Visitor: 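Take a look at the following structure, please.
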Amino acid sequence: MRITWTLGAHGWADCTVADQQVEAVLTASHISNAPEEFLTAAARIVVGEKETRAQFEAEPTAYRWICYREGEEVWVRVLELRRGSDHDNKGMEIWSAQLSIDAFVRAVIRCFDEVAQSYGESTYRGKWGEHFPRTELEALRNLWHAHRRSDPP
């Protein structure tokens with residue numbers, strides 16, 4: 001799994017999610033806390049929640065990430081919806097994969113580490129319009145490391 005976050009015009013970003021078969025490009029606007037929601041959803045999977053969600057608003061389109069945990073695996077679905085308030089069943093699945101929690105979390109952390117490295121936190125704020133989600137990224141990283149240490153050998 002590979003995730004990239006590319007800043008565009010002020011307040012807009014493209015998020016590309018891909019595996020070996022399929023690639024999907026999602027648009028996000030700064031009108032929602034898309035990066036923070038996404039990082040928090042990943043962290044909640046790490047701590048054992050069975051289902052988490054994050055939504056990217058693209059005005060009026062929305063992209064909804066839905067993660068289902070079962071054991072040490074996670075099924076990740078991305079839906080495209082005409083409106084952010086639409087029910088899941090009105091969305092079109094544009095990407096999905098079942099993978100290890102480890103692979104999912106590593107992809108999320110790598111994505112935002114690359115954003116920080118590519119843009120720097122100051123440029124990120126200038127282009128996105130909000131602060132870089134450092135707190136959420138470090139919380140996810142710390143939870144992931146703690147989770148990995150607690151796994152039996």
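Computed from a predicted model, the values in this text were never measured in an experiment.
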Visitor: Under a 3.5 Å distance rule, please check whether Asn33 uses its side chain to pair with a backbone N or O of Glu36 as donor and acceptor.
Guide: no
Visitor: For His131, I'd like to know if atom NE2 has over 12 heavy atoms of other residues, nucleotides or ligands within 6.0 Å.
Guide: no
Visitor: Measuring from atom CG of Leu39 to atom CG of Leu137, what distance do you get when rounded to the nearest 0.5 angstrom?
Guide: 6.0 Å
Visitor: Start with the C-alpha gap between Trp5 and Phe56, add the side-chain angles, then the distance that decides, and say whether ring-ring contact (aromatic ring centres under 6.0 Å, His included) holds.
Guide: CA-CA 12 Å; Trp5 183 268; Phe56 296 177; 5.5 Å; yes
Visitor: Given the rule in the side chain to side chain contact (heavy atoms under 4.5 Å, CB included) test, do Phe104 and Cys67 qualify, once you have shown the distances and angles that lead to the verdict?
Guide: CA-CA 10 Å; Phe104 173 60; Cys67 304; 3.8 Å; yes
Visitor: Provide the closest heavy-atom pair for Ala97 versus Asp19 in the form atom of the first, atom of the second, distance.
Guide: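 Smallest heavy-atom distance, with atoms named: CB-OD2, 4.0 Å.
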Visitor: Could you tell me if the side chain of Trp95 sits less than 4.5 Å from the side chain of Leu26, heavy atoms only?
Guide: no
Visitor: Taking all non-hydrogen atoms of both residues, which atom of Ala43 and which atom of Leu143 are closest, and how far apart?
Guide: CB-CD1, 3.7 Å
Visitor: Are side-chain heavy atoms of His10 and Lys127 found at a separation under 4.5 Å?
Guide: no
Visitor: When clusters are formed by joining ILVMFWY residues with side-chain heavy atoms under 4.5 Å apart, either directly or through shared neighbours, do Val74 and Ile94 land in the same one?
Guide: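 As far as the 4.5 Å side-chain criterion goes, Ile94 and Val74 are connected within one cluster.
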Visitor: Is the closest basic N to carboxylate O distance between Glu138 and Arg134 below 4.0 Å?
Guide: yes
Visitor: State, to 0.1 Å, how close Ala13 and Leu7 come at their nearest heavy-atom pair, and which atoms those are.
Guide: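 Ala13 and Leu7 have their closest heavy atoms at CB-CD2, 4.1 Å.
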Visitor: Walk me through whether Glu114 and Arg2 qualify under salt bridge (charged side-chain N to carboxylate O under 4.0 Å, His left out).
Guide: CA-CA 12 Å; Glu114 289 172 358; Arg2 177 103 174 115; 3.1 Å; yes
Visitor: Using the rule given for side chain to side chain contact (heavy atoms under 4.5 Å, CB included), can you reason through Lys90 versus Arg82, listing the C-alpha separation, both sets of side-chain angles and the distance that settles it, and then say yes or no?
Guide: CA-CA 8 Å; Lys90 290 190 175 186; Arg82 287 176 34 138; over 6 Å; no
Visitor: Just wondering, do Met1 and Val17 contact through their side chains at under 4.5 Å, heavy atoms?
Guide: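 Side-chain contact under 4.5 Å: yes.
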Visitor: Hey, does Ile3 have a side-chain heavy atom less than 4.5 Å from the side chain of Phe112?
Guide: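 Phe112 does not reach Ile3 side chain to side chain.
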Visitor: Going by heavy atoms in the side chains, are Leu81 and Thr61 under 4.5 Å from each other?
Guide: no
Visitor: Going from OG on Ser100 to CD on Glu73, what distance comes out if it is rounded to the nearest 0.5 angstrom?
Guide: 6.0 Å
Visitor: Is there a side-chain contact between Val78 and Glu93 (heavy atoms, below 4.5 Å)?
Guide: no
Visitor: Yes or no on side chain to side chain contact (heavy atoms under 4.5 Å, CB included) for Trp12 and Glu59, after CA distance, side-chain angles and deciding distance?
Guide: CA-CA 11 Å; Trp12 291 93; Glu59 305 176 48; 3.7 Å; yes
Visitor: Mind checking whether Met92 and Val76 sit in one hydrophobic cluster, side chains of I, L, V, M, F, W, Y counted as touching below 4.5 Å?
Guide: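 Cluster IDs for Met92 and Val76 match.
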Visitor: Measuring from Leu79:CG to Ile66:CD1, what's the distance to the nearest 0.5 Å?
Guide: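 One gets 4.5 Å once the value is rounded to the nearest 0.5 Å.
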Visitor: Just wondering, do Trp144 and Ile109 contact through their side chains at under 4.5 Å, heavy atoms?
Guide: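 Yes, side chains in contact.
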Visitor: Linking I/L/V/M/F/W/Y whenever any side-chain heavy atoms sit under 4.5 Å apart, do Val108 and Val22 land together?
Guide: yes
Visitor: Just wondering, do Trp128 and Pro35 contact through their side chains at under 4.5 Å, heavy atoms?
Guide: yes
Visitor: What's the spacing between Trp65 CH2 and Gln55 CD if we round to 0.5 Å?
Guide: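 Rounded to the nearest 0.5 Å, the CH2-CD separation comes to 13.0 Å.
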Visitor: Could you note down all residue pairs passing salt bridge (charged side-chain N to carboxylate O under 4.0 Å, His left out) where residues 98-113 supplies at least one of them, sequence neighbours left out?
Guide: Asp102-Arg106, Asp102-Arg148, Asp113-Arg141
Visitor: I'd like to check the ring pair (Phe, Tyr, Trp, His ring centres under 6.0 Å) partners of Tyr119; sequence neighbours left out, ordered by chain and number.
Guide: none
Visitor: If Ile, Leu, Val, Met, Phe, Trp and Tyr residues are connected whenever their side-chain heavy atoms lie under 4.5 Å apart, and connections chain through other members, are Ile101 and Tyr68 in the same group?
Guide: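 No, because Ile101 and Tyr68 fall into different hydrophobic clusters, even though each may have its own neighbours under 4.5 Å.
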Visitor: Within this structure, what is the NE2-CZ distance for the pair His30 and Arg125, rounded to the nearest 0.5 Å?
Guide: 10.5 Å
Visitor: Report yes or no: do Glu72 and His147 form a side-chain donor-acceptor pair below 3.5 Å?
Guide: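 Yes, because at least one side-chain N or O of Glu72 sits under 3.5 Å from a partner of the opposite role on His147.
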Visitor: Which value, rounded to the nearest 0.5 Å, describes the distance between Glu49 atom CD and Arg69 atom CZ?
Guide: 10.0 Å
Visitor: Regarding Ser29 and Glu57, do their side chains bring together a donor and an acceptor under 3.5 Å, going by distance alone?
Guide: no
Visitor: Under the side chain to side chain contact (heavy atoms under 4.5 Å, CB included) rule, what do Glu121 and Val115 come out as? Steps first, then yes or no, please.
Guide: CA-CA 9 Å; Glu121 294 189 26; Val115 168; over 6 Å; no
Visitor: With distance as the sole test, does Ser96 use its side chain to make a donor-acceptor pair with the main-chain N or O of Arg77 at under 3.5 Å?
Guide: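 Not confirmed, Ser96 side chain does not pair with Arg77 backbone.
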Visitor: Using a 3.5 Å distance criterion without hydrogens, assess whether the side chain of Asn142 forms a donor-acceptor pair with backbone atoms of Ala139.
Guide: no
